[in-house]
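Here is the structure we will look at.
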Amino acid sequence: MNEERLVTQITPKSEDFSRWYVDLIRRAELADYAPMKGMMVIRPYGYAIWENIQRLLDRRIKASGHVNAYFPVFIPESFLRKEMEHLKGFAPEVAWVTHGGEDELEERLAVRPTSEAIIGHMYSRWIQSWRDLPVLINQWANVVRWEKVTRPFLRTTEFLWQEGHTAHETFEEAQEETLRVLEMYREFVETELAIPVIYGRKTDREKFAGAEATYAIEALMSDGKALQMGTSHNLGQHFARVFDIKFEDRNQKLQYVWQTSWGVSTRMIGALVMSHGDDSGLVFPPQVAPIQVIIVPISIGNWKESVLPVARKLKDSLQQAGYRVHLDDRAEYTPGWKFSEWEMRGVPLRLEIGPRDVKNNQVIAVRRDNKEKIALEMSGLEVRIGEMLTAIQKALFDRALAFQKENTREVESYEEFKRTIEEKRGFIRARWCGREECEAKVKEETMATIRVIPLNQDNLPSGRCVCCGQEATTLAYFARAY
RNA sequence: CGGGGAGUGGCGCAGCCUGGUUAGCGCGCCUGCCUUGGGAGCAGGAGGUCGUCGGUUCAAAUCCGAUCUCCCCGACCA
């Protein structure tokens, strides 16, 4: 039976990546379209991934000294207006509340596109002394951005995210925080999502509206396009000045705080789909998979008496051991159907148990990532399962890393740059003169943008800008992006 | 926001050009039997105001207008 026939309702990935992506999301019940433009419902199977992401990331956020809080979803228009760059950046995509019940509001309220403004306002009331610093607050929230083009998880009108907002005594401290968070994101995404990233600073053109500097992690999706997976901003004193966030420093001088903000969103779920998925469907890394182990009893003869009780015991013991495990005991589907179904849903490990296995005191384990099938002794199974899940997690990362390396290229000329972007996509590592004209020209002519400027430029080989041929000042990663 | 494509039982589609019985097909769903080690089979059954609103007409899924939504390709963004 070939792969295409197994998943008839999903467009093959190789045939049409975009359709494959949306087909899969709906068929696997990660999300469904809501009846309003650009909005989606995150269904239980998709939301479970978000809960895992929250749990694993929240742990890191707290371990690095941050605490959670919650700020209002509405922001007065005048607040947004205080930082003009910020307003200009977000104005086109802000949703406005104009009425409360029947009454028109005196001042429009923005549905937050991000929370710097409201949080800045509150910080100005909470911070008086250097003893109040740093303030290290994070919130898990929803935000709304009225995007023109939307795609499930990648860009939706409303999305879920976490946004960290910190205030510090010095620029250096804020910069340290910005980079510490960037590193936290990198480690989180690579460890838990098994997605290798590149990271660095954004160009001025690409930086956050109102930031001094923006840093980002970027990943390469399996169609060769880049996806920004998280950002960390050094806000300098821009917001502090307009929201009047002042403190008396150690020298009894009044000065503005130095701030950062940073976030990752439900876009990560889209990244998981596009990084690891294949023609058979989703492939989830065990660390965030809603179901890590699916048990399929082989329904033959008197399986309900002979196999099912053993399968139930197996499920209980694995659950006890801390795994997210599900037993598919439905009688109305054949084992073959279930195999395909759970592969499509991306469950990392399948355990088959039939009369033969019961007799031999074993189960058949099948890995989702490489379809490898092995028999496992019942005794000591909990440990073996753990080892296999670890191996799958690593294999997914290694595979994605190999893909990223294969698709990160250096080019000799602008002609080669253009041809590579057009034919192969992927990242291009190239020298750049640092001028915005070249950045704009490249974008205009190739649709590729500078994704990041690597932090470490020490080993910058001398050379010329890939675009204009002038002396290069930095190394940059270019790609077409989502 | 520009260019292109599309909305018909849950999903995928046909019918529309050339208006006219009761709107079809495949998958899925329900009931029963029989099956089940890689998406089984047979029989019976349920489910539709044809995206929405308006217009033309004796008559609209079909023609006209508006509107909403989705997909693809570009300009803007987590």
Side-chain angles (χ1 to χ4, degrees), chain A residues 1-11 16-23 26-27 29 32-40 88-94 113-114 142-163 185 202 205-209 214 216-219 227-233 261-271 280-281 296-304 307 330-344 350 352-358 363-364 366 371 373 375 443-444 447 449 480-482:
Chain A
M1 181 89 37
N2 66 30
E3 306 267 300
E4 282 77 7
R5 285 191 57 199
L6 291 178
V7 281
T8 48
Q9 294 179 49
I10 298 166
T11 309
D16 184 338
F17 193 84
S18 296
R19 272 202 74 164
W20 167 82
Y21 177 78
V22 294
D23 283 356
R26 299 188 71 193
R27 179 71 180 80
E29 299 180 348
D32 200 1
Y33 291 111
M36 304 81 74
K37 182 177 165 52
M39 301 202 173
M40 66 169 182
K88 269 194 285 180
F90 283 102
E93 51 192 49
V94 170
T114 179
N142 60 335
V143 288
V144 168
R145 298 182 186 175
W146 220 263
E147 301 283 357
K148 289 174 177 145
V149 178
T150 57
R151 291 178 122 221
F153 292 114
L154 299 184
R155 187 173 300 109
T156 46
T157 302
E158 179 187 12
F159 58 93
L160 305 182
W161 75 349
Q162 70 48 230
E163 46 178 328
Y185 284 160
K202 286 286 182 181
R205 202 184 145 89
E206 303 272 331
K207 79 179 181 193
F208 176 73
T214 289
I217 54 171
E218 296 261 341
L227 183 72
Q228 179 170 305
M229 291 192 64
T231 49
S232 184
H233 315 289
S261 71
W262 29 275
V264 300
S265 71
T266 36
R267 170 178 275 192
M268 298 230 158
I269 297 170
S280 302
V296 179
I298 304 303
S299 38
I300 291 178
N302 67 337
W303 68 282
K304 285 189 178 167
V307 175
R330 293 176 290 182
E332 60 270 30
Y333 294 105
T334 63
W337 188 92
K338 291 176 186 172
F339 297 165
S340 305
E341 182 69 11
W342 292 108
E343 278 169 10
M344 189 272 294
R350 176 174 78 239
E352 304 173 13
I353 179 162
R356 245 167 18 216
D357 306 307
V358 171
V363 295
I364 305 296
V366 186
K371 313 265 171 111
K373 203 178 255 211
K443 184 173 182 184
E444 169 81 18
M447 297 191 312
T449 49
R480 284 190 190 170
Y482 276 97

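All chains are named by letter (A, B, ...) in the order of the sequence lines, taking the proteins before the strands, and each is independently numbered beginning at 1.
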The side chain of Lys443(A) is closest to which nucleotide in this list: U69(B), C76(B), A75(B)?
C76(B)
Go through the side-chain N and O atoms of Ser280(A) and Lys371(A) and say whether any donor and acceptor fall under 3.5 Å apart.
yes
Where the side chain of Val366(A) is concerned, which of C72(B), G38(B), U36(B) is the nearest nucleotide?
G38(B)
Respond yes when some side-chain nitrogen or oxygen of Tyr482(A) is under 4.0 Å from OP1 or OP2 of A78(B), and no when none is.
no
Does the aromatic ring of Phe159(A) sit over the six-membered base ring of A78(B), closer than 5.5 Å centre to centre and tilted less than 30°?
yes
Do Glu341(A) and Tyr333(A) have side chains that approach each other closer than 4.5 Å (heavy atoms only, starting at C-beta)?
no
Distance check, C1' atoms only: G41(B) and G4(B), in whole angstrom units.
45 Å
Look at all strands and tell whether Ser232(A) reaches a base, only sugar-phosphate, or nothing, counting heavy atoms closer than 4.0 Å.
nothing
Give me the distance, rounded to whole Å, that separates U18(B) from U62(B) when you measure between the C1' atoms they each carry.
10 Å
C1' gap between C63(B) and U56(B), integer Å
8 Å
Interatomic distance at C1', U49(B) relative to G12(B), whole Å:
23 Å
State which of C70(B), G38(B), U36(B) makes the closest approach to the side chain of Ile300(A).
U36(B)
Tell me, what's RNA chain B's dot-bracket, Watson-Crick or G-U with both distances under 3.5 Å, | for other-strand, [ ] crossing?
((((((((.[[[[.)....(...]]]].(((((.......))))).....[[[[[..)....]]]]])))))))....
Do the side chain of Ser299(A) and the base of U36(B) come within less than 3.5 angstrom through a donor-acceptor pair of N or O atoms?
yes
Side chain of Thr156(A) only, heavy atoms from C-beta on: which candidate in U69(B), A78(B), C71(B) is closest?
A78(B)
Whole-angstrom distance between G9(B) and G54(B), as gauged at atom C1':
26 Å
For C29(B), does OP1 or OP2 lie under 4.0 Å from any side-chain N or O of Tyr333(A)?
yes
Quick one: is Ser340(A) getting a side-chain N or O under 4.0 Å of the G38(B) phosphate, OP1 or OP2?
no
Select base, sugar-phosphate, or nothing to describe what Gly354(A) touches, counting heavy atoms under 4.0 Å on all strands.
base
Is it the case that over 12 heavy atoms from other parts of the model lie below 6.0 angstrom from the CH2 atom of Trp146(A)?
no
Tell me whether the OP1 or OP2 atom of G38(B) has a side-chain N or O from Arg350(A) closer than 4.0 Å.
no
